[in-house]
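Reviewing the structure listed below.
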Amino acid sequence: MVLVGSHGEKDDSNEGTVVDFRGNPVDKSKTGGWLAAGLILGSELSERICVMGISMNLVTYLVGDLHISAAKSATIVTNFMGALNLLGLLGGFLADAKLGRYLTVALSASITALGVILLTLATTIPSMRPPYCDDYRRKHHECIEANGRQLALLYAALYTTALGGGGIKSNVSGFGSDQFDMADPKEEKAMIFFFNRFYFGISLGSLFAVIVLVYIQDNVGRGWGYGISAVTMVIAVVVLICGTPWYRFKKPQGSPLTVVWRVLLLALKKKNQPYPSHPSLLNDYDNRKVPYTPRFKFLDKAAILDDNCAANAEKNKPWLVSTVTHVEEVKMVIKLLPIWSTCILFWTNYSQMTTFTVEQATIMHRKIGSFVIPAGSFSAFLIISILLFTSLNEKLFVPLARKITHNPQGITSLQRIGIGLVFSVAAMVGAAIIEKERREIAVEKEVKISAFWLLVQFFLVGAGEAFAYVGQLEFFIREAPDRMKSMSTGLFLSTISMGFFVSSLLVSIVDHVTNRNWLRNNLNKGKLNNFYWLLAVLGFLNFLVFLIFASRHQYKMQLPIEPESGEKELKGLNGETIQDMEKKASLQAVGEVEP
């Protein structure tokens, strides 16, 4: 059955093959389109409901019910979110290499449903929680913390959910876009709307989670809140499977990770071989699909044809010698890494919105009349800010930038990322100032200030995400090789993952160095504002490094066009043709001009 993907090396001639669930050529009148895409979208909508319902309010359960310290609770949440996004790489690898996107999404959604069911049990079974701790014992730090046995089921539930969520996140948007034919102008236009509706849909799912589910968790019961999430995920799995006859499937072509490892291993294996006198002597130079570049020249050795390969006509065996195209594609991936590294701290700052900011809200004034707003529900303002600035980008900022810069993009992907980094630094500065004032008023006057002051950091981080998320996604997709789009999406998700892991690391280091004076269970006795200042300083330094990397980044060549002469011409952003740039590169490679 075609739904179970590939075995062995794939032929480029099969790349992009689209079939129905029986393996036959698709009938566009009966498959794909909005019906299929909508059914697929349900999986990501449900995944977002589950994950946001967990991450935005889990810290209050860990501190309040399991009596775990604030610092350790924050680490548990950030490790969970980090693992979820990191596992997106695994999901993308499995989909590209073997399973295909449909089976990967279906299996991942089922695993997510299992994880949330386990979480429902972990928070419902009384023996999975330590004894209740009243206010007197809590003030005197006499609460009994949850033991390893009680935490075992919780950890199993969280990381099962992370495994499934990562597989969904890395594949569902790609599988949804597969339902539209890029060669059909009408369907291509519809696909653009698909991405808009995809983002809008998952944002609505996030709002439902942080408003409705968080309220149910705090006021009705954790079991009810997580149980609703589990039922939602189960329904999504059933809907996804029932829609099978209407989907279009692209056969997996083998993971692009294989290309990366192969080039790196061959370059290492041939490290002692001399460079050829001219790049044109490298394997398959004349049939290259991307221009040759002199950067990272050590990788060129992977494409060197030694005497044995040339004599035995083994130049088409990829594990013996690579091609110039594959080598250049790996160079493109390496060029992404400096920007990748400077995106991590944005998500470190973002992660504070799911941990310490929620903890702040629990000890602030949250009443509107007689109604008490759940602490986790304040995250709704983060999502509202994201939606607001996403709309402003499309309707105001980008059109205005187009008029000023005369650039069709308006704002480049790197400029978007830079603006997002600035917003995240400003958010941490605002968070530090507000926390200092909150603590002083709480200690000196014994008054709780309004939790709505937290809207400053929610608003600024949300504005930053509207720029940074779109900028990073656009950058990693546009700048990656065409055959490595799925891997580049996973690379983007890994920045989010690393941001959460770095947050966990910083919390552990700060907790140790300050002897737990900054991050305490009772925030009124700690100095959380100093931690926010630390993040602001690190974020500012990171922004300076980003400016250096961004100024040195060379954008990928534009796609080839057919000039009047009938020969292919490839132009970069500076207007030079592929022939001009490769001539310079070749001269540099053989030492005829100074680099």
Side-chain angles (χ1 to χ4, degrees), residues 48-82 84 119 123 154 158 206-219 222 225-226 229 347-367 372-386 424 427-428 430-432 434-435 438-439 442 448-462 465 499-500 503-504 506-507 518-524 526 528-529 531-532 535:
R48 185 56 66 97
I49 289 174
C50 292
V51 171
M52 294 295 286
I54 294 170
S55 63
M56 289 300 182
N57 203 36
L58 181 60
V59 70
T60 61
Y61 176 74
L62 297 174
V63 174
D65 294 71
L66 300 188
H67 313 145
I68 299 174
S69 69
K72 185 178 178 181
S73 297
T75 299
I76 291 173
V77 175
T78 51
N79 283 347
F80 162 67
M81 292 299 294
L84 186 147
L119 185 61
T123 55
L154 178 71
L158 289 177
S206 300
L207 275 176
F208 174 79
V210 300
I211 294 176
V212 178
L213 291 184
V214 167
Y215 178 82
I216 292 174
Q217 291 168 15
D218 285 355
N219 295 278
R222 293 276 169 174
Y226 295 137
S229 297
W347 298 106
T348 299
N349 291 348
Y350 173 90
S351 69
Q352 309 315 311
M353 301 301 102
T354 66
T355 53
F356 290 117
T357 302
V358 176
E359 270 294 287
Q360 287 176 274
T362 60
I363 57 174
M364 298 173 76
H365 184 73
R366 293 179 281 119
K367 284 188 176 182
V372 179
I373 303 175
S377 291
F378 277 88
S379 302
F381 294 104
L382 172 69
I383 301 164
I384 292 171
S385 176
I386 293 170
S424 72
M428 292 301 100
I434 290 170
E435 170 58 15
R438 183 209 63 77
R439 190 183 72 249
K448 293 182 179 181
I449 68 171
S450 173
F452 283 95
W453 279 104
L454 297 176
L455 264 61
V456 172
Q457 56 219 65
F458 278 125
F459 180 82
L460 290 173
V461 169
E465 183 177 354
F500 281 96
S503 177
S504 298
L506 284 176
V507 167
W518 283 16
L519 308 175
R520 305 185 65 171
N521 288 353
N522 186 343
L523 295 183
N524 291 336
L528 179 60
N529 57 299
F531 183 66
Y532 284 143
L535 291 175

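These numbers come from a predicted model, not from an experiment.
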Exercise for the section: Answer whether the closest heavy-atom distance between the side chains of L84 and F500 falls below 4.5 Å. Expected result: no
Problem - Test side chain to side chain contact (heavy atoms under 4.5 Å, CB included) applied to I434 and V456, step by step - result: CA-CA 9 Å; I434 290 170; V456 172; 3.6 Å; yes
Handout entry: L66 and L154, any side-chain heavy atoms less than 4.5 Å apart
Key = yes
Problem - Closest approach of I49 to A209 (non-hydrogen atoms, all atoms of both residues) - result: O-CB, 3.6 Å
Handout entry: Side chain proximity check, L523 to R439, heavy atoms < 4.5 angstrom
Key = no
Completion exercise
Residues pairing under side chain to side chain donor-acceptor pair (under 3.5 Å) where one sits in residues 62-71, two or more places apart or in two chains, turn out to be none
Practice task
For the residue pair R438 and S450, confirm or rule out a side-chain donor-acceptor distance under 3.5 Å.
Solution key: no
Practice task
Might you work through the side chain to side chain contact (heavy atoms under 4.5 Å, CB included) test for F458 and I384, ending with a clear yes or no?
Solution key: CA-CA 9 Å; F458 278 125; I384 292 171; over 6 Å; no
Handout entry: Backbone of L460 reached by a side-chain donor or acceptor of E465 within 3.5 Å
Key = no
Completion exercise
Taking every heavy atom of T60 against every heavy atom of T362, the minimum-distance pair comes out as CG2-CG2, 3.8 Å
Exercise for the section: Determine whether more than 12 heavy atoms belonging to other residues, nucleotides or ligands lie under 6.0 Å from atom CH2 of W518. Expected result: yes
Practice task
Report the distance from atom CG of L519 to atom OG of S73, rounding to the nearest 0.5 Å.
Solution key: 11.5 Å
Exercise for the section: Look only at the side chain of S385 and the backbone of F459, and say whether a donor-acceptor pair between them is shorter than 3.5 Å. Expected result: yes
Problem - Any L528 side-chain heavy atom under 4.5 Å of Q360 side chain - result: yes
Handout entry: Output field: ring centroids F356/F531 closer than 6.0 Å
Key = yes
Handout entry: Validation row, ring centre F452 to ring centre F378 under 6.0 Å
Key = yes
Exercise for the section: Calculate, to the nearest 0.5 Å, the distance between atoms CD1 and CD1 belonging to I68 and I76 respectively. Expected result: 4.0 Å
Completion exercise
Interatomic distance, OG@S206 vs CD1@I386, rounded to 0.5 Å, equals 7.5 Å
Exercise for the section: List in chain and number order the residues that pass side chain to side chain contact (heavy atoms under 4.5 Å, CB included) with S504, two or more places apart in sequence or in another chain; answer none if no residue qualifies. Expected result: T75, T78, N79
Handout entry: Over all atoms of both residues, closest heavy-atom pair of S229 and L213
Key = OG-CD1, 3.3 Å
Exercise for the section: For the residue pair Y61 and N57, establish whether any side-chain heavy-atom pair is separated by less than 4.5 Å. Expected result: no
Exercise for the section: May I ask you to test the T355-V507 pair for a side-chain heavy-atom distance under 4.5 Å? Expected result: no
Problem - Test item: S351 and M81 side chains (from C-beta on) under 4.5 Å apart, heavy atoms - result: no
Handout entry: CG-OG1 distance between L535 and T348, expressed to the nearest 0.5 angstrom
Key = 7.5 Å
Practice task
Supply the atom-to-atom distance S379 OG to M52 CE, rounded to the nearest 0.5 angstrom.
Solution key: 6.5 Å
Handout entry: From I54 atom CD1 to L119 atom CG, the distance as rounded to the nearest 0.5 Å
Key = 5.0 Å
Handout entry: For the student: nearest non-hydrogen atoms of G53 and Q217, plus distance
Key = O-NE2, 3.0 Å
Problem - Any R520 side-chain heavy atom under 4.5 Å of N524 side chain - result: no
Handout entry: Any donor-acceptor N/O pair, S377 side chain to I373 backbone, under 3.5 Å
Key = no
